[in-house]
4 protein chains.
Amino acid sequence: MSQVGGISSDQLKQFIERIENLEQEKANIAEDIREVYAEAKYNGFDPKIMRSVLKIRKMDSSEREEHEYILDTYLIALGMAVEKAAPKAPSNANESEEAA
Amino acid sequence: MSQVGGISSDQLKQFIERIENLEQEKANIAEDIREVYAEAKYNGFDPKIMRSVLKIRKMDSSEREEHEYILDTYLIALGMAVEKAAPKAPSNANESEEAA
Amino acid sequence: MSQVGGISSDQLKQFIERIENLEQEKANIAEDIREVYAEAKYNGFDPKIMRSVLKIRKMDSSEREEHEYILDTYLIALGMAVEKAAPKAPSNANESEEAA
Amino acid sequence: MSQVGGISSDQLKQFIERIENLEQEKANIAEDIREVYAEAKYNGFDPKIMRSVLKIRKMDSSEREEHEYILDTYLIALGMAVEKAAPKAPSNANESEEAA
DNA sequence: TCGCCTGATAGTTGCC
DNA sequence: GGCAACTATCAGGCGA
């Protein structure tokens, strides 16, 4: 007896359980990721910056350029044409900062 | 001259500032809320419990529809409103069970 | 030479890549889940209802503690565990009642 | 009769209602913000970029520089020293990515 | 007081 | 292309 009101309850159950299993796997991996962040943090890396790095690596360069181009246009329009961060000479920009 | 890079900088500025103002108002209110909690705490009320009360009261309004929604779901799952579940091919839904 | 700017680039690279791999696995599983939904839908099941079922099953495990939590909250609110709620000034708590 | 188990239920009610009102105001403002975004979008502005602009305006410059400095350091350590504002030569920007 | 952790918010993605 | 669900990020609250 697997027919209830015209639908196959067994089949539904199969689908439900497959999804539940996959959700569980996904949750496990999310947990693993959190652990890696924690480990990295313990080793002195800033998780927040790591997320920025991952985001940059994820965006392909064309996408990144497109976004930055429009953003620059907006900032210029607002009169905020920020000289972003002196990309040429970061080495001594603020060495005295923490001396870490 | 309010056109920069093909966009209206004045108009953009207006939008940005309106949002910033609203964000500021929102932040102020959040601050007010924190103050009320602090005041309540000072008067001997446990903020954690207060949050529970708020949550419960909030649920009370949305809970009913949620419950009704779940009830409907059950009814549908029981085939009492199957037309919603399988509009295309309810008649042979189980036949394809093994075929998949 | 794995020290750049005072940090271990090798170690950082390890962390970044571990996370990227895990993220990839997670994305794959999310994709699998979407496929299961699609397959179920193809077989006549409403994804929305399936999500409800999942939600209900998930609640079933956490529901008990949630209910107990709400019950506790009510008991506390009713003063049956007041020591937690108003340890400092329970005696005159009501005097300020009208002052507000 | 406003004392229940040693706590002032009236006073509690006052606090609860004040918070609920504030929460409501906050929700209204959030709604307003959404409307401004919608209006801006209707006028041809990209909401996503607008959010970037707002974020930049929100961060004070020292904070922004700090973040970018560390980020650059990480990217350099990973051999991804992207010439941020160099749209001219993106062609080999990521070649070094795997070379490291 | 610091670090963790949960809940709120913002952003992204997939679906219609 | 808009809408809705889901995910990730962030900030505040909590406990050690």
Side-chain angles (χ1 to χ4, degrees), chain A residues 19 22-23 26-27 29-39 41-42 44 46-56 58-59 63 67 71, chain B residues 19 22-23 26-27 29-38 40-41 45-52 54-56 58-59 69 87, chain C residues 19-20 22-38 40-42 46-52 54-55 58 62 65-66 69 84, chain D residues 19 22-24 26-27 29-42 44 46-56 58-59 63 67:
Chain A
I19 291 172
L22 289 167
E23 295 276 10
K26 194 151 71 83
I29 291 172
E31 172 64 22
D32 291 344
I33 291 172
R34 252 176 282 121
E35 285 173 12
V36 176
Y37 274 113
E39 188 185 341
K41 185 177 186 176
Y42 180 79
D46 182 336
K48 189 174 179 179
I49 309 287
M50 289 177 67
R51 289 176 197 278
S52 292
V53 171
L54 285 160
K55 185 178 286 184
I56 288 171
K58 196 175 188 179
M59 293 172 86
E63 185 185 0
H67 185 274
L71 178 58
Chain B
I19 291 172
L22 289 167
E23 296 276 10
K26 194 152 70 82
I29 291 172
E31 173 63 21
D32 290 344
I33 292 172
R34 251 176 281 121
E35 284 173 12
V36 177
Y37 275 113
K41 185 175 186 176
F45 297 103
D46 182 335
K48 190 174 178 180
I49 292 172
M50 289 178 67
R51 288 175 196 283
S52 295
L54 266 313
K55 183 183 282 186
I56 289 166
K58 197 179 206 173
M59 272 175 56
Y69 176 68
Chain C
I19 291 172
E20 282 179 336
L22 289 167
E23 296 275 11
Q24 185 57 53
E25 286 181 48
K26 194 151 70 81
N28 292 151
I29 291 172
E31 173 64 22
D32 290 344
I33 291 171
R34 252 177 280 121
E35 285 174 12
V36 176
Y37 275 113
K41 185 176 187 177
Y42 180 79
D46 183 336
K48 192 174 177 182
I49 292 173
M50 290 178 67
R51 289 176 197 280
S52 293
L54 266 314
K55 183 184 281 187
K58 200 179 207 172
S62 61
E65 64 185 77
E66 174 67 11
Y69 176 68
K84 190 178 179 186
Chain D
I19 291 172
L22 289 167
E23 296 275 10
Q24 185 57 54
K26 195 151 70 85
I29 291 173
E31 173 64 21
D32 291 344
I33 292 172
R34 253 176 280 122
E35 284 173 13
V36 177
Y37 274 114
E39 188 184 341
K41 185 176 185 175
Y42 180 79
D46 182 337
K48 188 174 178 179
I49 308 287
M50 289 176 69
R51 288 175 196 279
S52 292
V53 171
L54 285 160
K55 184 179 286 184
I56 288 171
K58 195 174 189 180
M59 291 172 86
E63 185 185 0
H67 184 275

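- In this structure, D:I49 atom CD1 and E:dT12 atom C1' are separated by 14 Å, rounded to whole Å.
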Show each protein N/O and nucleotides 13-16 of chain E N/O combination with a separation under 3.5 Å, one pair to a line.
from, atom 1, to, atom 2, distance (Å)
E:dC16, OP1, C:K41, NZ, 2.8
E:dC16, OP2, C:K41, NZ, 3.4

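- Rounded to whole angstrom, the span from the CG atom of D:L54 across to the C1' atom of E:dT9 amounts to 15 Å.
- Rounding to whole angstrom units, CZ of residue D:R51 and P of E:dG11 are separated by 4 Å.
- C:A38 is linked by a side chain to side chain contact (heavy atoms under 4.5 Å, CB included) to nothing, counting only residues two or more places apart in sequence or in another chain.
- With contacts defined as side-chain heavy-atom distances shorter than 4.5 Å, the pair A:I33/A:I29 qualifies.
- Residues satisfying the salt bridge (charged side-chain N to carboxylate O under 4.0 Å, His left out) criterion with C:R51, sequence neighbours excluded, are absent altogether.
- Here E:dA8 presents its P atom at 11 Å from CD1 of B:I33, a figure rounded to the nearest Å.
- Applying the salt bridge (charged side-chain N to carboxylate O under 4.0 Å, His left out) rule to D:E23 yields no partners; only residues at least two apart in sequence or on another chain are considered.
- Between the CD atom in D:E39 and the CD1 atom in B:I19 there is a gap of 9.5 Å [rounded to 0.5 Å].
- For D:E35, the salt bridge (charged side-chain N to carboxylate O under 4.0 Å, His left out) criterion is met by no residue, not counting sequence neighbours.
- When DNA chain F is scanned in the 5' to 3' direction for atoms under 4.0 Å from non-hydrogen atoms of chain B, the outermost contacting nucleotides are F:dG12 to F:dC14.
- Looking at heavy atoms from C-beta onward, C:D46 lies out of side-chain contact with C:K41 at the 4.5 angstrom threshold.
- C:K26 comes within 4.0 angstrom of sugar-phosphate atoms only, judged by non-hydrogen atoms across all strands, and of no base.
- At least one side-chain heavy atom of C:Q24 sits under 4.5 Å from a side-chain heavy atom of C:N28.
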